[in-house]
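Please read the structure below before turning to the comments.
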Amino acid sequence: HNNEVWRSAEIVKDYKEGDKTLHLKLEDETVMQYPLGGPPAQLPHLRNPDILVGENDLTALSYLHEPAVLHNLKVRFLESNHIYTYCGIVLVAINPYEQLHIYGDDVIYAYSGQNMGDMDPHIFAVAEEAYKQMGRDEKNQSIIVSGESGAGKTVSAKYAMRFFATVGGSSSETNVEEKVLASSPIMEAIGNAKTTRNDNSSRFGKYIQIGFDKRYHIIGANMRTYLLEKSRVVFQAEYERNYHIFYQLCASSSLPEFAELALEPAEDFFYTMQGGDTAIDGVDDLDDLDKTRQAFTLLGVKESHQMSIFRIIASILHLGNVDIQSERDGESSNLPVRDVHLNHFCALLGVEHDQMEHWLCHRKLVTTSETYVKNMPIQQAINARNALSKHIYAQLFNWIVQHINKALHTTSKQHSFIGVLDIYGFETFEINSFEQFCINYANEKLQQQFNSHVFKLEQEEYMREEIPWTLIDFYDNQPCIDLIEAKLGILDLLDEECKVPKGTDQNWAQKLYDRHGSSQHFKKPRMSNVSFIIAHFADKVEYQCDGFLEKNRDTVYEEQINILKASKYPLVADLFQDDKDNVPPTPTGKSKINVRPAKPAPKNPNKEHKKTVGLQAICSLCTALTTQQIVKILNLYTPVNEFEERVSVAFIRSIQAQLQERKDPPQLLLDSKYIFPVLFPFNPSAITMDTIHIPAALNLDFLNRV
Ligand SMILES: Nc1ncnc2c1ncn2[C@@H]1O[C@H](COP(=O)(O)OP(=O)(O)O)[C@@H](O)[C@H]1O
Ligand SMILES: *[C@@H]1O[C@H](CO)[C@@H](O)[C@H](O)[C@H]1NC(C)=O
Ligand SMILES: *[C@@H]1O[C@H](CO)[C@@H](O)[C@H](O)[C@H]1NC(C)=O
Ligand SMILES: *[C@@H]1O[C@H](CO)[C@@H](O)[C@H](O)[C@H]1NC(C)=O
Ligand SMILES: [Mg+2]
């Protein structure tokens, strides 16, 4: 049903082929004629036996289709307040948006040591399973949390971490588990922001590995982050905010120790006011800064270092308020004499004022024969300024992550680990741009890992073992990934357009239409020639081309960076030193979300002038690498044993044998459109066999014949 999703009914008159309607009796006893459409007739989904509705494992359902899944989840949630449900080894969680009393230490201890199947579904059961398997099978584990933005991923990941900290806590005084938990408020402050979907949305992906010793006590941890949404530093859509830390600092401007930051209310900084209301209901930014500082202290970041961090963050706010003005000729720009925000920026970062003033409005151009200095028109100067702000923030973000990692690092030998991947989920907003494109592309890659893991591998094994088995047409998203990353795909064309001297977003869009107009996963919207639609695995998303080139280039000017490198503050100078080696000297830039093998660009000693080319493309090589590493981690991820048993060859044989004995038609359900694990009734005798149905499309005759 369009609105209610699921409405139960009974057929009161037999259906014959060719009938145009079904005669139904609804639960409230009303009788209705249900139009079948077609031909061919669109028969409604079959209903599960009442006794199965509300089961805690979706694989127990006789009919597993989307409405049945949603209905079952709804019944569990509305009637019994259960937010967790299994689907085989997958735990499905519903965000209750209210504090439930199911996460206390008593609950952790109740789940500790228990079997997954013996208890109500719970995030702690999944954590316990990982912990147990690590010990029992001597295998490293990974928990992957995925879902749409706002679904509850970060909260779930945090509960899993709390479980490990509690059951794997060391008795010694190192309390490393406390530090692991303390990293959360810091990462939230610098990496979370309010979006229209989630007041507390993580704008970066995170993979935390918790290290254990031989006795399965936590001895350390390591965190890897990827795809930080840098654009938010300089731009926020309506009703959204910049990263929490900016507002925390503005709210604390009157603290005596922050006087030197010269902060004003968040409404007065361009980088914090673009989304409108700067406050969030129920959030006290002043109070949260206190928590952020305590967490820093717990992680061993000295007061003086904390002040350095806050100085850098404040400097970004001031940089955003530097008043770049256009000259009358329209070809150049300038700054007011002694711009007060520029003064603060330079003082806070300990850099040379006159230099900065000059290079905010000029750039160096290098040709083979000469080097000259050129004025920048206002838009170019503003873009460059914003690129610099983003770069400073991203470098600081990485520095903090490194620092946290140092605090969580252990020198003792790590025996095993459990990883928790909190990927930030598939996103679609009113207006989608480069950032959503990157996120959704990353999710597309993750989904592929999941597909190949659950489906491809299993099917290949059946074929190898010559088990009668028809290839099931699962949703393979390779075509969509090809559309994005293959030669002359969306990314490739974007890179090309960035290299064309007069390249524009509009021209790029045109090239996309020309090249991919007929692709199954690509569409040009009828009413627009500046946007395109991609049919992702999760949904269709329309992307606005505007700004893609600029964001993909993400050019930071070397002259500006050089000034920061010369800062009198070691931390600031330090932030900008090492990336020299990471950045390939390609003046045009390359997609930062390249997940193809990213080779370091070859250094060419003969072309000395390359290094001094004014444009410096900040290609996030590290981003590409870490996405790759994540993909690798997922490839290594092994299923829990119970699941392997379920779908192992031996298991299928035994099911077949059992079914033969029982003379009952078996059940094997698989929704070919959406991705659920391959489902066999785990315990066939527990299934009511009266309503078995095998979709003909699955070609599972071999099972029918039994
Ligand atoms: N298990 C839960 N219990 C109560 N509230 C939750 C739970 N999971 C999520 N929430 C609420 O939903 C909000 C968004 O969750 P979050 O984990 O940040 O989403 P995601 O990381 O998927 O974008 C949280 O701030 C919290 O208020
Ligand atoms: C973000 O979430 C954490 C806990 O998950 C909470 O302590 C914090 O107050 C939240 N911040 C905002 C801005 O919602
Ligand atoms: C698990 O990871 C550790 C490193 O943390 C490694 O030494 C060990 O060999 C891994 N175990 C397995 C079974 O791969
Ligand atoms: C796009 O559409 C606008 C108006 O809708 C039009 O002015 C413009 O020329 C079009 N551009 C291209 C490249 O077709
Ligand atoms: Mg999150």
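For ligands, and for the atoms within them, numbers begin at 1 and follow the listed sequence.
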Test of ring centre spacing under 6.0 Å for Tyr111 and His122: yes
Which segment of Val155 sits under 4.0 Å of ligand 1 when only heavy atoms are counted: both
Contacts of type salt bridge (charged side-chain N to carboxylate O under 4.0 Å, His left out), residue Asp105, not counting sequence neighbours: Arg162
Listed partners of Lys390 passing salt bridge (charged side-chain N to carboxylate O under 4.0 Å, His left out), at least two apart: Asp554
Side chain, backbone, both or neither: Pro96 near ligand 1, heavy atoms under 4.0 Å: side chain
Ligand 1 atoms in contact with Asn200 (distance to a heavy atom under 4.0 Å): 18 (O)
Ser202 backbone or side-chain N/O/S under 2.8 Å from the Mg ion (ligand 5): yes
Counterpart residues, salt bridge (charged side-chain N to carboxylate O under 4.0 Å, His left out), relative to Asp120 (two or more places apart): none
Sub-6.0 Å ring centroid separation between Phe235 and Tyr271: no
Thr272 vs Tyr247, side-chain contact (heavy atoms from CB on, under 4.5 Å): CA-CA, chis, key distance, verdict: CA-CA 7 Å; Thr272 43; Tyr247 303 87; 3.7 Å; yes
Sub-3.5 Å N/O-N/O distance, Lys153 and ligand 1: yes
For ligand 3, the residues whose heavy atoms come within less than 4.0 Å (ordered by chain, then number): Glu138, Asn140, Gln414, His415, Phe417
Which of the ligand 1 atoms, numbered from 1, are nearer than 4.0 Å to a heavy atom of Glu148: 22 (O)
